[in-house]
Amino acid sequence: MSYKNWSFFTVLLGCSLFVSCNRQVDPPAPYGPLPTEYQMTWQKMEYNMFVHFGPNTFTNVEWGNGKEDPKVFNPSAIDCRQWAAVAKAAGMKGIIITAKHHDGFCLWPSKYSTHTVRESSWKEGKGDLLRELSDACKEYGLKFGVYLSPWDQNHPAYGTTEYNQVFVNTLTEVLTNYGEVFEQWFDGANGEGHGGKKQVYDWPLFNATVYKYQPQAVIFSDVGPGCRWVGNEQGHVGETNWSRLDVEGYEPGAKGPNPDSLNTGNINGARWLPAETNTSIRPGWFYSPSTDDKVKSLGQLVDIYYTSVGRNSTLLLNVPPDRTGRIHPNDSIRLMELRKAIDESFKTNLAKGTLTATSTRGNDSRYSVTNLLDGDYDTYWATDDDVLTASVELTLDAETTFNRLLLQEYIPLGQRIVAFNVDYWDDATQNWKQLIEATTVGYKRILRFPEVTASRIRIHITRSLACPLLNNLELYNAPDYPLGISDDHRYNLTSREGWKLLSPTVGADKIIDGKADEAVLVNLSEPLILDLGKSQSLTGFYYAPQNKVTAANIQRYRVYTSADNKNWTELKTNGLFNNIRNNPVRQDVDFGQTIQARYFKLEPIELTNTEDSYAVLELGVIQE
Ligand code: FUL
């Protein structure tokens, strides 16, 4: 090569080096459906309060039928500022109130209904609960959201095409009179109203009404469009949880996607539809004095935090005010304990050290793995477009003991990571050892594993739909909070001495053993007949269904008692276990009188699905 050529090459090489050192690699392209700005704001709220309040608070039922006297609604010392103070101290960011439940009762004096606070005894009909709560939320810096049930058992127009407009009118009142609404909660339940008629809901019209007056509101339902139900009311979204769902051909309610899809989302789902885990601090959604001693234990609530917020979901925890109109101390104390437990668990981030990655996008410092520790939500680590598996390693400044790993994926550009492993470096064997294998990260993922002491930890992404983007990594050593007394243990408190189940004969022992552990399947033709051994004073009965949304549990039933197992007295002709499909917890039914009897019979007349046998976990009578 001549000197002239050589110098030409030097110049060329120099230029290309110059260009590559300063090259700004393109940011990763968005992948799949993306969250809107409003969905991002909503996702970051993480933890909100649900409030079920209305006539049911006073009548011991979960579903009112619209025929209740509005005068039963009469809280003696309502204090929405107390609700807001409790929510705020609990660490919640917003409150969603049941403005109208299935009984049609409106917590504001609606022009379009005659079943409202105006007709109640509260404040001599001059009260407006939405006003009081929305004001309290503003005062405490909380966001305000509304639940409105299209199913309305009171309104005379329900079941006619006219009703959809009535519903839109009530919706408009709620959305235009109380300031900003961060979430609109639509219940898909579609039961019978006046004269046994069901309504064909106009969902596109309902959604358009929300967006017209509150464009930033995130709309909840089985199919969104803002966020989705997780397919159960027990407080857990899937370990695999995609913030995406296919909604084509589905509707909110019974025509919704199956509970498993709702629980995990769909890996290639066409719509961005993040999960909201909704559950109640008590067994039911509405207050009842009978559940004052059944508030979930601290351990149960901590567990729910991990199975919701820790799995890429928000948590909407229901705290039902009592008959005075205040949050009962049993609930508020538990919420403060939960707040303390969360604070304690995530007080000290132990992820201090040096981060390296097997690959960095364009070797560009803007996508450096060090972004994972900088506390800035909008800086993230990324790989090149064609690098779909990669590892991130953290060498800790010192040997550290930890049992929790928190990861966040940069979801404004889509959810991508399918599967990953977490390993720690074992000094004794000089090898990597696996701590845990996991699927999906999403907005926030908190992994729990047994305590380990190590100085290196590695996150190995084994499958990603597009180049992975992570923006945060934290390590903690959190205390364990034992689950404590659960409802299952409480069954043991009932004395079952001398009881014998005469029907069915197979599995009878399990049904009355006081252990709500194993469900027995009974043929629909066989009722449950219990012999108490001798005549007793009975005030009610309980039925514990199988704890699964997809189970075949009893929904409608007849109940009888007898002194001789021959002549039966019918106590309930068409009993309904309210909301048992979505919330399959133990049902306690009060006879409303004391009955002297030796035999008790429960006859199923309708199940939660179309199977021909039904599930029973436990059955028993409640004695005086
Ligand atoms: C369900 C309703 O039927 C329950 O009563 C409760 O409001 C729950 C949050 O949603 O669909």
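Here the structure is a predicted model, which is why all the values come from computation and not from measurement. Residue numbers start at 1 and run along the sequence shown.
No donor-acceptor contact under 3.5 angstrom links the side chains of E37 and Q39, judged on distance only. One side chain, Y147 or D187, offers a donor N or O that lies under 3.5 Å from an acceptor on the other. Remark: the D331 side chain and the Y287 side chain contain no N/O donor-acceptor pair separated by less than 3.5 Å. No side-chain donor-acceptor contact under 3.5 Å links D322 and T57. Using modelled atom types, one finds a donor on one side chain and an acceptor on the other under 3.5 Å when comparing R282 with T291. Remark: the S308 side chain and the T277 side chain contain no N/O donor-acceptor pair separated by less than 3.5 Å. Residues H52 and N318 bring a donor and an acceptor atom of their side chains to less than 3.5 Å of each other. Side-chain atoms of W285 and E233 include a donor-acceptor pair closer than 3.5 Å. No hydrogens or angles considered: a donor-acceptor pair under 3.5 Å links the side chains of Y306 and R404. The closest side-chain donor-acceptor pair between Y476 and E474 falls under 3.5 angstrom. T379 and D374 share a donor-acceptor pair across their side chains, judged by distance under 3.5 Å alone. In summary, the side chains of H102 and S149 do present a donor paired with an acceptor at a separation below 3.5 Å, with no hydrogens or angles considered.
Taking the centre of each ring, H101 and F53 stay at or above the 6.0 Å mark. Side-chain rings of F50 and W185 approach one another, their centers coming within less than 6.0 Å. Centroid-to-centroid, the aromatic rings of Y377 and Y410 come within less than 6.0 Å.
At least one side-chain heavy atom of L447 sits less than 4.5 Å from a side-chain heavy atom of F420. Contact annotation: the side chain of Y367 never approaches that of W381 to less than 4.5 Å [non-hydrogen atoms, C-beta and beyond]. When side chains are defined from C-beta on, V146 does not count as touching K100, because their heavy atoms never get closer than 4.5 Å. N312 has its side chain out of reach of P274: every pair of non-hydrogen atoms, C-beta onward, lies at least 4.5 Å apart. In this structure the side chain of I304 never reaches within 4.5 angstrom of the side chain of V302, judged on heavy atoms. At least one side-chain heavy atom of N477 sits under 4.5 Å from a side-chain heavy atom of T401. Between L470 and Q408, the closest side-chain pair of non-hydrogen atoms is not below 4.5 Å. Y140 places none of its side-chain heavy atoms less than 4.5 Å from the side chain of I95.
Panel note: side chain K548, backbone P545; no donor-acceptor pair is recorded below 3.5 Å. K444 contributes no side-chain N or O that, together with a main-chain N or O of G310, makes up a donor-acceptor pair within less than 3.5 Å. The main-chain N or O of D423 is never found under 3.5 Å from a side-chain atom of K433 such that the two would form a donor-acceptor pair. Under the 3.5 Å distance criterion, the side-chain polar atoms of N371 are matched with a main-chain donor or acceptor of Y380. At least one donor-acceptor pair closer than 3.5 Å links the side chain of W83 to the backbone N or O of G325. Of the possible polar contacts, one joining the E62 side chain to the F286 backbone as a donor-acceptor pair under 3.5 Å is found. Listed for the W229 side chain is a donor-acceptor partner under 3.5 Å among the backbone atoms of N232. At least one donor-acceptor pair closer than 3.5 Å links the side chain of T608 to the backbone N or O of A551. T307 contributes a side-chain N or O that, together with a main-chain N or O of G235, makes up a donor-acceptor pair within less than 3.5 Å. At least one donor-acceptor pair closer than 3.5 Å links the side chain of T440 to the backbone N or O of N241.
One finds no salt bridge joining E276 and R228 here, because no Lys/Arg side-chain nitrogen approaches an Asp/Glu carboxylate oxygen to under 4.0 Å. At a threshold of 4.0 Å, the pair R456-D426 does not count as salt-bridged, since none of the basic side-chain nitrogens sits closer than that to a carboxylate oxygen. Between K347 and D343 no salt bridge is recorded (no basic side-chain N to carboxylate O distance below 4.0 Å). We find that D588 and R586 are joined by a salt bridge, their nearest charged nitrogen and carboxylate oxygen being less than 4.0 Å apart.
Rounded to the nearest 0.5 Å, atoms CD1 (I219) and OG (S221) are 8.5 Å apart. If you take CG on L315 and CD on E46, they are separated by 10.0 Å, rounding to the nearest 0.5 Å. In this structure, the separation between NZ on K296 and CG on L298 is 13.5 Å, given to the nearest 0.5 Å. The line from CD1 of I417 to CG of L465 is 9.5 Å long, rounded to the nearest 0.5 Å. Annotation: the span from T36 atom OG1 to Q43 atom CD amounts to 10.5 Å, rounded to 0.5 Å. Note: S243 OG to L245 CG = 10.5 Å, rounded to the nearest 0.5 Å.
Taking all atoms of both residues into account, the shortest heavy-atom contact from T98 to L107 is O-CD1, 3.1 Å. Summarising the geometry of V230 relative to A275, their closest heavy-atom pair is CG1-CB, 3.7 Å, with the distance given to 0.1 Å. Here the closest heavy-atom approach between residue F449 and residue V452 is recorded as CE1-CG1, 4.4 Å. The two residues S345 and A478 have their closest heavy-atom pair at CB-CB, 3.7 Å. Contact record, G256 with D222: CA-CB, 4.5 Å, taken as the closest heavy-atom pair. Residue G414 comes nearest to L34 through the heavy atom pair N-CD2, 3.4 Å, listed as atom of the first residue, atom of the second, then distance.
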- Item | ring-ring contact (aromatic ring centres under 6.0 Å, His included) between W151 and W63, worked out | CA-CA 11 Å; W151 181 23; W63 286 354; 5.2 Å; yes
- Task: List the steps and the verdict of side-chain hydrogen bond (donor to acceptor under 3.5 Å, both in side chains) for N578 and Q587.
- Result: CA-CA 9 Å; N578 292 326; Q587 310 284 313; over 6 Å; no
- Are Y31 and Q415 close enough, and set up right, to give a side-chain hydrogen bond (donor to acceptor under 3.5 Å, both in side chains), and what steps lead you there? CA-CA 7 Å; Y31 177 81; Q415 193 181 351; over 6 Å; no
- Item | Residues Y38, F182; criterion ring-ring contact (aromatic ring centres under 6.0 Å, His included); working and verdict | CA-CA 9 Å; Y38 302 136; F182 84 98; over 10 Å; no
- What do the steps show when you test E344 against Y481 for side-chain hydrogen bond (donor to acceptor under 3.5 Å, both in side chains), and what is the final call? CA-CA 11 Å; E344 258 166 22; Y481 299 91; 2.8 Å; yes
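For K340, the NZ atom counts as loosely surrounded, since its 6.0 Å shell holds 12 or fewer non-hydrogen atoms of other residues, nucleotides or ligands. Surrounding NZ of K255 are at most 12 heavy atoms belonging to other residues, nucleotides or ligands under 6.0 Å away. Counting non-hydrogen atoms of neighbouring residues, nucleotides and ligands closer than 6.0 angstrom, the CD atom of E248 reaches no more than 12 such neighbours.
The only member of M92, E183, K93 that meets side chain to side chain contact (heavy atoms under 4.5 Å, CB included) when paired with M45 is K93.
The aromatic rings of W425 and W432 stand perpendicular to each other, their planes meeting at an angle above 60°, with 30° marking the opposite boundary.
Annotation: cation-pi pair K138/Y178 absent, no NZ/CZ under 6.0 Å from the ring centroid and within 45° of its normal.
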